[in-house]
Amino acid sequence: MSGSTAVIYDETALLALGSGNRLASQFVSNTEHGPTRHVYVPALSLMAADGMRKGLAEHVGALPAAEIVELDFSGVCAVGALIRDGVEWRIGHAIHLSRPTVDYPDGRPVVTADPELYADMPLVRTIRLPEQR
């Protein structure tokens, strides 16, 4: 989608959002101000975050700017391959969505509080959420 700004929220970004992290909230807020801005939430990342913080899925699901992305058949195959290669399932869906596609030839960066999770992943760019004091 030429000209659009899109990011992927992983489990750590969702937990930060639920804790009131300003930058995580700002991405979501900015998305509401323009049709070319997108915050994508991988279903597996949301499930992992909700498992750690009860009610987070309902909160994120109620945000009009958050687009929850289901895991389709090609995603199942891609994430399954990542898991076989030793990647944790909770970040596999975010990795899959971040990689280049026809709509996003440069991929989409993963917003995360822990960029080290993606250090060994080719074609994955990250945006680090700073710790909030």
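Only a predicted model underlies this, so the values are computations on that prediction, with no experimental measurement involved.
Pro42 and Ile8 get closest at one heavy-atom pair: CG-CG2, 3.6 Å. Between His96 and Ala78, the shortest heavy-atom distance links the atoms ND1-CB, 3.4 Å. Scanning all heavy atoms of the two residues, the minimum distance from Pro130 to Asn21 falls at O-ND2, 3.1 Å. Between Leu56 and Ala49, the shortest heavy-atom distance links the atoms CD2-CB, 3.5 Å. Closest non-hydrogen pair, Gly20 versus Ser25, comes out as C-OG, 4.3 Å. Residues Arg53 and Ser19 share a closest heavy-atom pair of NH1-OG, 3.0 Å.
Note on Leu82: it clusters hydrophobically with Ile91, by side-chain heavy-atom contacts below 4.5 Å among ILVMFWY residues. Val79 and Leu14 fall into different hydrophobic clusters, where Ile, Leu, Val, Met, Phe, Trp and Tyr side chains are chained together by heavy-atom contacts under 4.5 Å. In the hydrophobic clustering of ILVMFWY residues, with side-chain heavy atoms under 4.5 Å counting as a link, Leu17 and Leu46 come out together. Residues Trp89 and Tyr9 fall into different hydrophobic clusters, defined by Ile, Leu, Val, Met, Phe, Trp and Tyr side chains chained together at heavy-atom separations under 4.5 Å. Criterion: ILVMFWY side-chain heavy atoms under 4.5 Å apart, direct or through other members. Under it, Val87 and Leu97 are part of a common hydrophobic cluster.
Side-chain contact check for Thr12 versus Leu129: every heavy-atom pair is 4.5 Å or farther apart. Between Arg99 and Pro122 there is a side-chain heavy-atom pair separated by less than 4.5 Å.
Judged by distance alone, with hydrogens and angles left aside, the side-chain atoms of Thr126 form no donor-acceptor pair with the main-chain N or O of Arg128 at under 3.5 Å. Counting only distance, with no hydrogens or angles, the side chain of Ser98 and the backbone of Ile95 share a donor-acceptor pair below 3.5 Å. A donor-acceptor pair is defined here as one N or O able to donate and one able to accept, closer than 3.5 Å; no such pair exists between the side chain of Arg90 and the backbone of Glu11. For Arg125 (side chain) and Asp106 (main-chain N/O), a donor-acceptor pair under 3.5 Å exists by modelled atom type.
Here the straight-line distance linking atom CG of Asp10 with atom CG of Leu44 works out to 12.0 Å at 0.5 Å rounding. Of the inter-residue distances, the one linking Ser29 atom OG with Leu63 atom CG reads 10.5 Å to the nearest 0.5 angstrom.
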(Q) Applying side chain to side chain contact (heavy atoms under 4.5 Å, CB included) to Glu58 and Asp50, what does each step give before you reach the verdict? (A) CA-CA 9 Å; Glu58 288 84 2; Asp50 189 67; 3.9 Å; yes
**Q.** Full working for side-chain hydrogen bond (donor to acceptor under 3.5 Å, both in side chains) between Thr101 and Arg108
**A.** CA-CA 9 Å; Thr101 65; Arg108 296 171 277 187; 5.2 Å; no
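A 6.0 Å sphere centred on CG of Asp120 holds no more than 12 heavy atoms belonging to other residues, nucleotides or ligands.
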